[in-house]
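Just so you know, ligand 1 is whichever comes first in the structure, and atom 1 is the first atom listed for that ligand.
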Amino acid sequence: MIARPLKLPEVEFRLPEVEPRRVGRLPVVEVKTFAEELSSSDEQLNWFGDVDSDEDWNVVVPEVPMEPLEVFKHRKGTSRGKMKFWRNIRTLGLYQLALDIITMIRVCKMFRQGLKGFREYQIIEAAHRTHPIFSFWDKKKQGRITFDTLDFIAEEGHFPPRAIQITQKKPSWRTEQEIQSLCNLLQVMDSYRNYDEPLQMLLAKVTRFERFGRRRVIVKKGQRGNSFYFIYLGTVAVTDDEDGSSAFLDPHPTLLHKGSCFGEMGLLSTAVRRATVVCMEETEFLVVDREDFLANQLDEEVQKESHYRFSFFRKLDLFSSWPDEKLWKLVPMGKVEKFAYGQLITKDFADSSFLIFICKGSCEILRLVDLASSLSYYKWIWQCLELIDDRPLRAHLKEPYPEKRFKEFQIKSYPLQDFTALKLLHLQKACEQEGTSLNERFQDPENTLPKIMGPKIRSRFPYPIKCSMVNTKFGELPKEAVVGVYMKVHTVEEGETVGFHQAFLPGAQRDLRPMGLMSLGAELIRVRREKFCELLDNETKGKLLSTEIDYPSDEELCQRFLKENHWNVFRKDLIRLLMESQQKPPFIPSYPRKKEIYNPKSLILDLCNIKKRSKPCRPVFMASQKYLPPLRIIQAISAPRHKIQELLPQYKNAGVLI
Ligand SMILES: Nc1ncnc2c1ncn2[C@@H]1O[C@@H]2COP(=O)(O)O[C@H]2[C@H]1O
């Protein structure tokens, strides 16, 4: 095998290390499965050891637990443990599965002993290896062909060693199959996948692999270009200076991530490099050299992309007054980037230095609202807590007592069908005649709310609730109730821009709240604001100002959230009431009972369970707290509420109409 001579990057340049900076990227969140955890613990069990001993059997089934199931938690040592173990296996259907696997192994063994052909295939699995090597004797070639699975396994995200070997070969030495497998691998990169398949194959034939460390300058502004780069792993920054140092000082550098490409402009005819590109971390590249780039007409692809950007800008009303020459100056300022549904584009676009043009699809502007900073939420929480228990929590509210509001609400809501409301009215009148008020009765510690209101209030705790409190600007709130929620502020559609929000207003009048931008499946072009401003004229500025929208305040967003939450809870209750008996699934899986008030898996804050204490459940994110948002994020709140049967008295029981 002849290795291709390794080419050095166009410039050998390494910056001195300075204080590491924060890059505006989301933290990498590590999610571990239960199986992964078990495989590193001593809790594993040998599934097949007890059942059958196939001493002469050559295939060793790796002892990796297949499912993250309860069954692995029991040790088989004691007889009680053993019984529990097998009972669990039976109930979970694993007993049958285990029997099936044993039968299958025995059938395979019969085949292996009975059929000669099977002998030609060997499965070698050394004790220290977790990935087997398959090999067989090729009669035509009179040689052994070996397939080592390890060759195609790489550390997560890295380019696999076997693929590196292929890229080290001369293009003419690469076999059709090797080019195909390289092509399959490279398709994880968006920019590569955008080319049609024949071109992808041609690129896979000529590409070579490179890996460079942080601060390595890959291309240098003003120099002649020799190569075109795809980023397989890592991040690079595009800068205007010659040595790339500004990328490490700029709070919002232009970053290109895994899947992007760069270096195409310097390969067009007589052009030189328009910018410097520097590695922000260890980065892996697939490199296409100038001669291969031109031979495969990649320059035409680059031209096509430029024309696509030009025609997109040309169609925008914003640039209707711009002559073509001026628009062509805007075209190379950004590239088309694709974002999948739900992918975060930027955490805070107001604070970033980019103007974003949406070419295709749409994006959502999101605001993380700290509910505890809203008066409506504060009042609502106390209102809910009053429904759980009638302790003097009302001291926190300056408005009429929740009981009074609740009573009025009842009287107003059920004028016809609900006799208990009439009873309540009658009770109130009687009390007034006696010279006592109903509120006084509530304050009597002997009379808890549920006792007075009967079945109307679901009280779970006939005793005072104690929970730790935190101070907010309106007063104390239970610590558990201090949560945040992502609210949609606005949707940006194709042809619209984001990033100039109130940029022309004086600082004091600007809305400086952080707003995130999330893709709903979008293609966009990011242009640096200061570069765009160099081309900006008054007419365009006027147009940008006229499209500005005032985003709702946090208080409004909070009220909207509470309204939506109310409606969702009501809708769920109603559906349960009307449909429950018909919808019951034939088999109800038994999930462990949710006990925590805040469940990080379902993102629900369960106020009904405020008093319950339980073991902490396994969080979804295994990242350390410093990477997680300071607020616990929720999607919904389950609050104590009135029984919905009261609204529809004809439905006494769920799903049964009288
Ligand atoms: N604004 C930008 N956004 C993304 N990439 C850019 C930007 N400007 C320049 N580049 C890339 O940086 C590369 C520098 O070398 P080239 O001029 O050959 O090609 C350039 C582009 O591929």
Query raised in the report: With a 4.0 Å cut-off on heavy atoms, does Gly225 reach ligand 1?
Result: no
Query - Protein heavy-atom partner closest to atom 4 (C) of ligand 1 - residue, atom, separation in Å - result: Leu256 CD2, 3.8 Å
Requested in this report: Between Met333 and ligand 1, find which residue part has any heavy-atom pair under 4.0 Å and reply side chain, backbone, both or neither.
Outcome: backbone
Report summary line: CZ (Phe532) and NZ (Lys329) are apart, to the nearest 0.5 Å, by 13.5 Å
Requested in this report: Around atom 14 (C) of ligand 1, find the nearest protein heavy atom and jot down its residue, atom name and distance.
Outcome: Ala275 O, 3.4 Å
**Report entry** For atom 13 (C) of ligand 1, closest protein heavy-atom neighbour
**Finding:** Gly263 N, 3.8 Å
Query raised in the report: Are there more than 12 heavy atoms of other residues, nucleotides or ligands under 6.0 Å from atom NZ of Lys541?
Result: no
Requested in this report: Could you tell me whether Glu300 and Lys304 make a salt bridge, using a distance below 4.0 angstrom between a side-chain N and a carboxylate O?
Outcome: no
Query raised in the report: Distance under 6.0 Å and angle within 45° of the ring axis: does Lys169 meet both against Trp173?
Result: no
Report task. Select the closest option to atom 10 (N) of ligand 1 among Val219, Val236, Val238, judged by heavy-atom distance. Result -> Val238
Query raised in the report: Identify the closest protein heavy atom to atom 3 (N) of ligand 1: which residue and atom is it, and at what distance?
Result: Thr254 CG2, 3.9 Å
**Report entry** Any N/O pair Arg274/ligand 1 closer than 3.5 Å
**Finding:** yes
Query - Shortest protein heavy-atom distance from atom 15 (O) of ligand 1, along with the residue and atom involved - result: Arg273 CD, 3.4 Å
Query raised in the report: Should the heavy atoms of other residues, nucleotides or ligands under 6.0 Å from CD of Glu530 be counted, would the total exceed 12?
Result: yes
Query raised in the report: Which ligand 1 atoms are under 4.0 Å away from a heavy-atom of Gly266?
Result: 16 (P), 17 (O), 18 (O)
**Report entry** Worked check of side chain to side chain donor-acceptor pair (under 3.5 Å) between Asp537 and Thr540
**Finding:** CA-CA 6 Å; Asp537 52 42; Thr540 318; 2.4 Å; yes
Report task. Could you tell me whether Glu337 and Lys335 have a side-chain N and a carboxylate O separated by less than 4.0 Å? Result -> no
**Report entry** Subset of ligand 1 atoms that lie under 4.0 Å from at least one heavy atom of Phe262
**Finding:** 22 (O)
Report task. Check Lys360 against Tyr308 and note the closest heavy-atom contact, atom names and distance. Result -> CE-OH, 3.6 Å
Query raised in the report: Where on Thr276 is there a heavy atom closer than 4.0 Å to ligand 1, on the side chain, on the backbone, on both, or on neither?
Result: neither
